[in-house]
Peer 1: 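Take a look at this one; I'll ask things after.
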Protein chains: 4
Amino acid sequence: MSRQFARDKPIYLQVIDQIIQEIVSGERVLGEKLPSVRELAITLGVNPNTIQRVYRELDQRQITITKRGQGTFVTEDKQLVDRMREDLKTQYIEQLVLDMEALGFSKHEILQSLKEGE
Amino acid sequence: MSRQFARDKPIYLQVIDQIIQEIVSGERVLGEKLPSVRELAITLGVNPNTIQRVYRELDQRQITITKRGQGTFVTEDKQLVDRMREDLKTQYIEQLVLDMEALGFSKHEILQSLKEGE
Amino acid sequence: MSRQFARDKPIYLQVIDQIIQEIVSGERVLGEKLPSVRELAITLGVNPNTIQRVYRELDQRQITITKRGQGTFVTEDKQLVDRMREDLKTQYIEQLVLDMEALGFSKHEILQSLKEGE
Amino acid sequence: MSRQFARDKPIYLQVIDQIIQEIVSGERVLGEKLPSVRELAITLGVNPNTIQRVYRELDQRQITITKRGQGTFVTEDKQLVDRMREDLKTQYIEQLVLDMEALGFSKHEILQSLKEGE
DNA sequence: GTGGTCTAGACCACT
DNA sequence: GTGGTCTAGACCACA
């Protein structure tokens with residue numbers, strides 16, 4: 001978990017998205033302990049306050065649970081994770097369709113391109 | 001052509017993408033005169049320097065041609081536009097596949113969702 | 001709006017509660033502009049970041065709406081405010097009953113004391 | 001006597017309040033021996049210094065008496081306990097009335113809500 | 001060790 | 001002017 005940051009989006013949002021992606025894809029399992037605030041801050045080369053905010057917002061969305069003095073853990077709620085997975089899928093695909101239609105492509109053409117394998 | 005700007009991307013890039021989209025989709029035809037720098041700057045509520053930069057970059061990519069004293073015009077090169085259209089299509093679709101696979105979706109699932117009418 | 005802070009509760013929570021109280025009681029009307037971050041920070045003798053957090057959390061609860069470059073405004077949603085008023089009432093009263101019963105007072109005694117006017 | 005601690009109030013104050021509550025409610029009788037500092041510290045999972053401070057403050061308020069080598073005992077002064085009970089009652093109720101009036105509720109509404117039983 | 005709060009101050013984007 | 005993000009670093013409470 002080390003990367004460069006795109007400069008056109010707040011870091012804390014990028015980290016949030018990244019962690020959600022890791023949870024949804026199964027790279028991080030239910031109940032797993034996430035790195036400590038300080039640790040992740042160092043890994044990502046970012047200020048601890050920024051990670052603090054990441055975990056706070058994830059907590060607010062109930063994607064993680066933070067226990068004082070112990071750390072931050074991935075939720076145990078499988079339904080929630082499944083729902084996030086579906087929502088992300090829908091979201092990505094709707095966005096693609098919108099973008100492609102703005103370029104004048106029909107849905108049929110989209111399907112065609114996908115099947116052709118690129 | 002008036003819109004709100006996403007807060008996390010340089011404005012000039014957003015305008016470039018928008019103009020390309022309009023050309024590729026056919027909203028703007030080959031050889032068409034684009035708004036003047038000053039005019040577009042006002043329309044978009046943006047600094048004229050920003051639009052200068054937009055046209056400069058579009059010119060560099062040969063998507064537009066700027067004629068001193070006359071204005072900026074969409075290229076006459078139909079092949080170029082067609083190629084851009086194909087490139088954008090490929091690019092969007094590849095990005096989708098990457099994003100979806102990062103979430104653990106198979107290509108089959110993607111096709112399924114698209115067919116179901118997202 | 002100037003006060004001393006109790007030391008046993010985070011400042012940002014105290015300010016949040018205070019603003020909610022002012023909205024619910026009608027001291028602040030729907031749609032009213034709240035003081036700017038910097039202004040309120042000075043008034044309360046607190047760091048702007050602390051107020052920043054206050055407004056962010058109020059925004060998340062949809063109690064306020066923040067418009068970049070303009071300021072933070074009380075929601076226009078009367079139903080939301082009414083609901084908050086009822087929730088706070090219930091909450092305060094339930095807490096009182098719990099506290100009093102822990103001290104061994106009956107509900108009848110509570111009512112008695114209230115009527116007697118202290 | 002084991003519990004979780006609210007995060008926004010010094011622990012020693014929470015423990016003081018809890019012990020007073022137990023005395024006032026009659027859970028602890030006049031003259032009763034309280035747990036030793038060490039014992040209570042372990043029970044509550046708290047530093048012994050914290051309990052030291054609790055007993056010191058209770059002694060100062062004459063709610064307890066600490067006898068060297070013997071331990072800490074609840075006062076024998078029934079009047080004192082009765083007075084505390086009344087004071088706490090008054091205090092709680094006055095606070096409720098203040099809070100509710102700050103929200104714009106009339107005393108009548110308070111009584112109404114209480115009777116309705118919530 | 002863990003997270004939680006707060007300050008001071010910088011830099012950016014938007015109006 | 002407005003709010004939004006980020007850093008550096010301090011101090012506290014909890015385990």
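From a predicted model like this one, the values you see are computed outputs, not experimental measurements.
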Peer 1: Quick one: B:L44 CG to E:dT15 C1', roughly how many Å, whole number?
Peer 2: 16 Å
Peer 1: Would you say E:dT5 has OP1 or OP2 under 4.0 Å from some side-chain N or O of C:Y12?
Peer 2: yes
Peer 1: Classify the side chain of A:R38 and the base of E:dG3 as holding, or not holding, a donor-acceptor pair under 3.5 Å.
Peer 2: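 Checked by distance alone, the answer is yes.
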Peer 1: Could you give the CD-to-P distance, from C:Q70 to E:dC14, as a whole number of Å?
Peer 2: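 My rounded result for the distance is 13 Å.
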Peer 1: For the pair made of CG in C:D59 and P in F:dT2, what is the distance, rounded to whole Å?
Peer 2: 16 Å
Peer 1: Under 6.0 Å from the six-membered ring centre of A:F105 and within 45° of its axis: does the NZ or CZ of B:R85 meet both?
Peer 2: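 Yes.
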Peer 1: Kindly say whether, by distance alone, the side chain of C:N49 makes a donor-acceptor pair under 3.5 Å with the base of E:dG9?
Peer 2: yes
Peer 1: When you measure from the side-chain N and O atoms of C:T66 to the phosphate of F:dG3, is any distance below 4.0 Å, counting only OP1 and OP2?
Peer 2: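 No, outside the criterion.
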Peer 1: Determine: side-chain N/O of A:R53 to OP1/OP2 of F:dT5, distance under 4.0 Å, yes or no.
Peer 2: yes
Peer 1: Taking side chain as C-beta onward, heavy atoms only, is A:F73 less than 4.5 Å from A:L34?
Peer 2: no
Peer 1: My understanding is that a pair needs two contacts under 3.5 Å, Watson-Crick or G-U wobble. By that rule, which nucleotide pairs with E:dG3?
Peer 2: F:dC12
Peer 1: Check whether any side-chain nitrogen or oxygen of C:T50 sits under 4.0 Å from OP1 or OP2 of E:dT7, and answer yes or no.
Peer 2: yes
Peer 1: Is C:R56 side chain donor-acceptor paired with the F:dG4 base, going by distance under 3.5 Å alone?
Peer 2: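 No, no donor-acceptor pair under 3.5 Å.
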Peer 1: So which nucleotide from E:dG3, F:dT7, E:dT5 ends up closest to the side chain of C:P10?
Peer 2: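 From the listed options, E:dT5 comes nearest.
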Peer 1: Send over the distance from C:Q52 CD to E:dC6 P, rounded to a whole Å.
Peer 2: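 It works out to 14 Å between those atoms.
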Peer 1: Could you walk me through whether C:V15 and C:T50 pass the side chain to side chain contact (heavy atoms under 4.5 Å, CB included) check?
Peer 2: CA-CA 9 Å; C:V15 179; C:T50 304; 5.8 Å; no
Peer 1: For A:F73 and E:dG3, give me the distance from atom CZ to atom P, rounded to whole Å.
Peer 2: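 In whole Å, E:dG3 P lies 9 Å from A:F73 CZ.
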Peer 1: Rounding to an integer number of Å, can you tell me how far A:I42 CD1 sits from E:dG1 C1'?
Peer 2: 13 Å
Peer 1: Can you measure A:I65 atom CD1 to E:dT2 atom C1' for me and round it to whole angstrom units?
Peer 2: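 Interatomic distance, CD1 of A:I65 to C1' of E:dT2: 16 Å.
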Peer 1: Side chain of A:N47: nearest nucleotide among F:dA8, E:dT7, F:dG3?
Peer 2: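 The answer is F:dA8.
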Peer 1: To the nearest 0.5 Å, what is the distance between CD1 (B:I65) and OG1 (B:T72)?
Peer 2: 10.0 Å
Peer 1: Answer yes or no: is there an ion pair linking C:E86 with C:R83, defined by an N-O contact shorter than 4.0 Å?
Peer 2: no
